[in-house]
There are 2 protein chains.
Amino acid sequence: MPKNPPSSQSFPRPFTAVDVVIFTVIDDQLHVLLVKRPSGSGEPYPGRWALPGGYVDIERDKDLQACALHKLKEKTGVVSPYLEQLGSWGSASRDPRGWTATHVYFAMLPHTAVKPAPGSQPGEMGWFQVVDDGVGQKLAFDHDTILASAIARLRGKAEYTSLPAYLLPDTFTLSELQHVFAVVLGRPVDKSGFRTRVLSAGLVEEADGVRTGQSRPAQLYRLKMPQQPTFFPRTFNPRKD
Amino acid sequence: MPKNPPSSQSFPRPFTAVDVVIFTVIDDQLHVLLVKRPSGSGEPYPGRWALPGGYVDIERDKDLQACALHKLKEKTGVVSPYLEQLGSWGSASRDPRGWTATHVYFAMLPHTAVKPAPGSQPGEMGWFQVVDDGVGQKLAFDHDTILASAIARLRGKAEYTSLPAYLLPDTFTLSELQHVFAVVLGRPVDKSGFRTRVLSAGLVEEADGVRTGQSRPAQLYRLKMPQQPTFFPRTFNPRKD
DNA sequence: TCAACTAAGTTCTACTGTGCAACTAAGTTA
DNA sequence: TAACTTAGTTGCACAGTAGAACTTAGTTGA
């Protein structure tokens with residue numbers, strides 16, 4: 001640790017940034033929000049897609065989470081999403097402008113909650129389908145690595161927590177919940193086992209009303225404790241491959 | 001995100017630090033390594049105990065993990081421990097010297113691997129027993145919160161991963177492995193269930209030799225994949241409370 | 001009007017990994 | 001050599017899930 005001459009701390013400091021990996025489900029597929037890098041001179045990775053984020057503003061942002069929430073609201077209009085820390089990436093080489101550390105957050109939204117950002121150009125921002133461990137193209141900075149890490153975290157936690165539930169609106173049917181797990185996991189989920197798993201864990205409670213459609217109406221439910229995900233006592237464990 | 005005038009980036013930057021929560025087991029109890037804050041003028045929290053860490057040195061540290069490893073080696077002499085990111089804490093108020101973000105790592109060591117740091121005064125550094133969610137005293141900065149988070153992570157992951165295994169030396173008996181789980185979890189662990197859990201997960205392989213003592217010799221084992229913890233298909237689920 | 005269709009929700013059986021208790025095995029100690 | 005101690009095994013119970021088949025409750029179309 002560099003010794004600090006009293007009251008100075010004048011040694012060089014890295015840049016501090018915050019990025020947000022924002023997941024949603026569109027047309028039964030997992031998607032992630034990306035923004036296009038500006039193409040001004042001196043800008044790194046001009047025109048490339050990147051995770052939404054930017055430098056911490058020490059005047060505006062009182063802490064890292066506030067900074068992440070600000071960026072999320074700026075891009076999606078969403079004010080109270082599910083948000084957790086993913087990790088941080090910092091090195092001398094990841095940004096040509098200098099030693100930079102970014103604090104990465106991880107958000108999950110129902111697509112219905114997203115309002116297109118006012119004053120932003122179409123084409124500057126977009127939802128990209130998640131395929132395997134990325135979006136099928138190289139991103140700016142080390143954002144491929146970060147995105148892959150976020151996808152792995154989401155899929156991993158879907159095996160033993162209720163995390164994918166945050167991709168749904170406030171009320172939903174158990175079939176919809178089952179379906180969003182299947183979308184995240186990339187494989188079918190058994191109906192009967194899933195229902196007892198969810199109900200006996202106390203994850204949800206009945207909401208008023210039913211979802212009507214082409215067949216038997218389905219009971220609506222809501223999360224009993226929306227603040228934090230529920231842990232199941234076992235992972236999924238399908239017999240066949 | 002503050003607009004960067006091309007080639008300048010002259011806006012104020014937060015401080016960037018790295019701290020390390022280092023766990024070990026001493027005398028059948030979980031311990032954490034703390035260092036005493038210096039008492040020079042201008043130093044925050046003089047004389048208080050804190051997590052080992054310090055500012056990132058952009059000349060010396062090529063990335064965050066290298067910085068964490070450097071601090072770990074500096075304090076313990078250990079060069080290849082189990083190390084994972086815990087999270088990051090950053091705000092305007094957590095350090096009186098200014099807006100600071102710290103990247104916190106989480107290390108686990110066998111106590112036998114620790115060499116007292118050369119050139120450090122005794123009393124400047126110490127192993128503190130973990131009781132409940134801390135060490136029984138207030139620490140510098142927000143290090144109480146960080147430590148509590150690290151303890152929760154360790155105990156939580158001990159329920160469904162092999163994480164506590166990193167508190168043991170390279171070879172160990174299954175009884176020693178069971179015991180270190182019991183120490184971390186703070187409750188007894190069943191022998192038979194634990195053995196089948198560990199063996200059928202392929203966590204360990206037989207090593208040469210046995211541990212002899214006052215009774216029947218015990219087979220030595222080593223981790224089959226020391227690089228990363230193993231996930232078990234279920235959490236522990238003892239019947240009685 | 002009602003048979004066909006569809007998706008919701010239930011029931012039954014099997015199976016896996018674990019908890020628990022009792023047991024056997026292999027060494028040391030008095 | 002009997003008593004003691006800890007390693008390691010065995011047998012049974014049990015909870016939570018997987019899978020398939022079933023019932024229920026609505027819509028749709030001839």
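Note: hydrogens, waters and symmetry copies are ignored here, and every other heavy atom, side chains too, is used. Residue numbers begin at 1 in each chain, while the letters A, B, ... track the order of the sequences.
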Practice task
Determine: side-chain N/O of B:Ser175 to OP1/OP2 of D:dT6, distance under 4.0 Å, yes or no.
Solution key: no
Handout entry: Atom pair distance, as rounded to whole Å: NZ in A:Lys191 and C1' in C:dA7
Key = 7 Å
Exercise for the section: Run the ring-centre check on A:Phe106 versus A:Phe23 and record whether the distance is less than 6.0 Å. Expected result: yes
Exercise for the section: Check if the side chain of B:Arg234 and the base of C:dT18 share a donor-acceptor pair of N or O atoms closer than 3.5 Å. Expected result: no
Handout entry: Given DNA chain D, 5'-ward residue of the pair B:Ala218 and B:Thr196, judged by closest heavy atom
Key = B:Ala218
Problem - d(CZ, A:Phe181; P, D:dT17) in whole Å - result: 11 Å
Completion exercise
Nearest-nucleotide check on DNA chain D, A:Thr212 vs A:Val189; residue mapping nearer the 5' end is A:Val189
Practice task
Whole angstrom is fine here: how far is it from CG in B:Leu199 over to P in C:dT16?
Solution key: 18 Å
Exercise for the section: Please work out if B:Asp190 contacts a base, only the sugar-phosphate, or nothing of the nucleic acid, heavy-atom cut-off 4.0 Å. Expected result: base
Practice task
Identify the residue among B:Leu154, B:Leu83, B:Thr24 that makes a side-chain contact (heavy atoms from CB on, under 4.5 Å) with B:Met108.
Solution key: B:Leu154
Practice task
State whether A:Arg197 places a side-chain N or O below 4.0 Å from either non-bridging phosphate oxygen (OP1 or OP2) of D:dT17.
Solution key: yes
Problem - d(CZ, A:Arg216; P, D:dA25) in whole Å - result: 5 Å
Exercise for the section: Measure from the side-chain heavy atoms of B:Arg239 and tell me the nearest of C:dG27, D:dA18, C:dT18. Expected result: C:dT18
Handout entry: Residue-phosphate contact under 4.0 Å: B:Ser192 side-chain N/O, D:dT9 OP1/OP2
Key = no
Practice task
Verify the contact: side-chain N or O of B:Arg195 to OP1 or OP2 of D:dG8, cut-off strictly under 4.0 Å; return yes or no.
Solution key: yes
Handout entry: A:Phe172 and A:Tyr221 aromatic centres sub-6.0 Å
Key = no
Problem - Sugar-phosphate, base or nothing in reach of B:Phe236, heavy atoms under 4.0 Å - result: sugar-phosphate
Practice task
Establish, for the pair A:Arg197 and A:Phe236, whether the NZ or CZ atom is under 6.0 angstrom from the six-membered ring centre and no further than 45 degrees off its axis.
Solution key: yes
